[in-house]
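A short write-up of the structure that comes next.
These numbers come from the heavy atoms of this one structure, side chains and all, not from hydrogens, waters or symmetry mates. Lettering of chains follows the sequences in order, A, B, ..., and the numbering in each one begins at 1.
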Number of protein chains: 2
Amino acid sequence: MGTPSLADVAEHAGVSAITVSRALRTPEKVSKHLRDRVEASVAKLGYVPNPAASALASTVSTTIALILPSLTNTVFDDVLHGLYEGLGDAPYFLQIGNSHYSALKEEELIRQFIRQKPAAFIVTGFGQTEQSHRMLKNARCPVVQIMDVGRETVDMSVGFDHVAAGAAVARHFLDCDYRRLGYIGARLDVRSQQRMQGFIAAAAGDAPVDDRRIATSPADSSVGLGRQLLEQLLARAPDTDAVFCNNDDLAVGALMEARRRKFDVPNALGICSFHDNEFARHMIPPITAIATPRKEIGKRAIEMVLAEIREPNSVRERHCDLGFELMHRETTRPVAG
Amino acid sequence: MGTPSLADVAEHAGVSAITVSRALRTPEKVSKHLRDRVEASVAKLGYVPNPAASALASTVSTTIALILPSLTNTVFDDVLHGLYEGLGDAPYFLQIGNSHYSALKEEELIRQFIRQKPAAFIVTGFGQTEQSHRMLKNARCPVVQIMDVGRETVDMSVGFDHVAAGAAVARHFLDCDYRRLGYIGARLDVRSQQRMQGFIAAAAGDAPVDDRRIATSPADSSVGLGRQLLEQLLARAPDTDAVFCNNDDLAVGALMEARRRKFDVPNALGICSFHDNEFARHMIPPITAIATPRKEIGKRAIEMVLAEIREPNSVRERHCDLGFELMHRETTRPVAG
DNA sequence: TTGAAAGCGCTAACAT
DNA sequence: ATGTTAGCGCTTTCAA
């Protein structure tokens, strides 16, 4: 015989299997006397529960299903760190599914996860298909949608407002007296587009964003791509005086390209980044950026989920807007006035 | 009734459950006739297998156990990307355990994983406890140890030689005529220490590394910490002429600190980084670094594992040294001579 | 090539 | 507070 089973523990402790099960899962329902005996046997035999058997027998497993649109985007690394930090030693397994930014693939993943009776779902954004939405509604477990805020929530949500964040950048540029605004972005998912739209809309009155000043690419974002995109943008619109970069990689690339061209940053060219990774603020000059609560989103999401698992409907704040913060550093001019 | 089970598919197709099971797992053992009927029913009912039931009934699950010492270290993000890329659509789930750089915690994780009858184990390094080693040996599934190369392998391994990598940096510094060599590092795990020792040993003959020129910290590595550590090192040994940085964050920080002090890099101070993230080569000046095959390690590890699952003992190269490469850029002088 | 029966290790439901 | 029974959905073993 290999590893000991519940029955082995039961025999060793001289009790029934169900008592061992209870002693382990709901110790308060077992008398101290038997609980002690069970615990001793568990320790003696080195018993570890078999999650597959327990998943099969009960209505929920110890799997928390997580669906991310990308694993190569560092934003989700940060979210993951928050998730694992929040998870701590809780007896749940995070199972990651990668939807590759496809709602159909996501639907497929949800279908697979459903079979595992996950203890909870954490999914990215609000772009689910109708089917997905229905499956999540029917899953009878907590569901958190992360990264974004919105109305059509399945159950709970944590994120921030991307439209507002884009608008904040536009307003900042205007406050600093920039007027010929540009935008560079890579791999434009829904949320990036919201940022861009918020940016364009907020700029529209005072400094409409010219199409020639928008440079994007379907490629993954990287520092090298940031250089290229700025180059493209300047080739088409050399008099651009400020660029909103859709993330830190691109912003660092743009800054390096600007330096190579001996541009005066921030006077001749302002740069504002998005997300604010640690290295952005250590560049020379330090990069102005919208700081986003990536790690906090992960941590909060898992906390909500664990709380709901413990005690359904116990979470009061079911929709958290964690906000963002503009870090005004040295790649944008001082506020005019 | 919720989601359809194997029995439902069997009934719908007018065959027995076991035939459906076979049609799905070993289609070559079922006649084309029945196979087609089964497939049609599977599609019609939208059947998705229940992994818990299959894990319980069979001797292996579809879980691949992965033990990483850290999730906050970007090195492992890269490894993870390689793992997921190599996994592709293979029907296995990666289950990540975080050992927090503790061999005991790792042992505990292995014990838990064993209960799940994983299809394979991927563990980091060679620092397992004796118990862990024994459990892995007895697990009757492929095991790959990643990141390092070494002799006392459980089963298979993929990595590179950290001692040799450290030595290569020392030799490079000497070739470029640096003589007062320093080292900065954060969160020193076994492999970092091997790098440091390789570095010190290789420098010993021509330019022994003075203790005052070693600055380390138990904190997580970051750009800010790189600045601080260089500052500390220079406070103690202002005439240091080259620094080996244990990773890219630190190197970028060191470069920024050097720039703040208006040091002439590479002439007055040489900087060599480790890992070579994409941004390192886009800094100004581009950073000389040892490029490590992090992503390739992940990809290769999963490939080995999948090959062994399909066909035990089919993998020929069971111990892969993926090597490293010194990228000589502009933070170290041209080679003297 | 196909099927029937048994059982993987646990928990839900129902006693006591 | 504790135990008995049945069954989760699949695969193994054995038989035809």
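In this entry the distance linking CG of B/D8 with C1' of D/dG9 reads 10 Å, nearest Å. Nucleotide D/dG9 holds its P atom 14 Å from the CG atom of B/L45, rounded to whole Å. Atom C1' of nucleotide C/dC8 and atom CD1 of B/I114 are separated by 17 Å, given to the nearest angstrom. Between A/N50 atom CG and D/dC8 atom C1' the separation is 13 Å, expressed in whole Å. Between B/L56 atom CG and C/dC8 atom P there is a gap of 9 Å when expressed in whole angstrom units. When rounded to the nearest whole Å, the span between CG of A/L6 and P of C/dG7 equals 18 Å. Between A/E11 atom CD and C/dC10 atom C1' the separation is 17 Å, expressed in whole Å. Rounded to whole angstrom, the span from the CZ atom of B/R115 across to the C1' atom of C/dC10 amounts to 10 Å.
You'll find the side chain of A/V149 stays beyond 4.5 Å of the side chain of A/H319, heavy atoms only. Using a 4.5 Å cut-off on side-chain heavy atoms (C-beta onward), B/S5 and B/N50 make no contact. Side chains of B/C141 and B/V60 form no contact here, defined as non-hydrogen atoms less than 4.5 Å apart.
Heavy atoms from other residues, nucleotides or ligands lying under 6.0 Å from NZ of A/K299 number 12 at most.
Considering only side-chain atoms of A/A57, the nucleotide from D/dT2, D/dG9, D/dC8 that sits closest is D/dC8. Nearest nucleotide to the A/A53 side chain, out of C/dG9, C/dT2, C/dG3: C/dG9.
Taking a cutoff of 4.0 Å between a charged side-chain nitrogen and a carboxylate oxygen, B/R35 and B/E39 do not qualify as a salt bridge.
Under 4.0 angstrom from either OP1 or OP2 of C/dG9 there lies no side-chain N or O belonging to A/S5. Side-chain N/O atoms of A/S58 include none lying less than 4.0 angstrom from OP1 or OP2 on C/dT11.
Across residues 19-32 of chain A, A/S21, A/R25 each have a non-hydrogen atom less than 4.0 Å from an atom of DNA chain C (numbered order).
In terms of position on DNA chain C, the residue among A/I18 and B/H33 whose nearest nucleotide sits closer to the 5' end is B/H33.
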Quick one, A/D220 with A/R187, criterion salt bridge (charged side-chain N to carboxylate O under 4.0 Å, His left out). Give me CA distance, side-chain angles, the key distance, then yes/no.
CA-CA 6 Å; A/D220 275 2; A/R187 176 83 84 84; 2.3 Å; yes
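Using modelled atom types, one side-chain atom of A/S41 and one backbone atom of A/R37 make a donor-acceptor pair closer than 3.5 Å.
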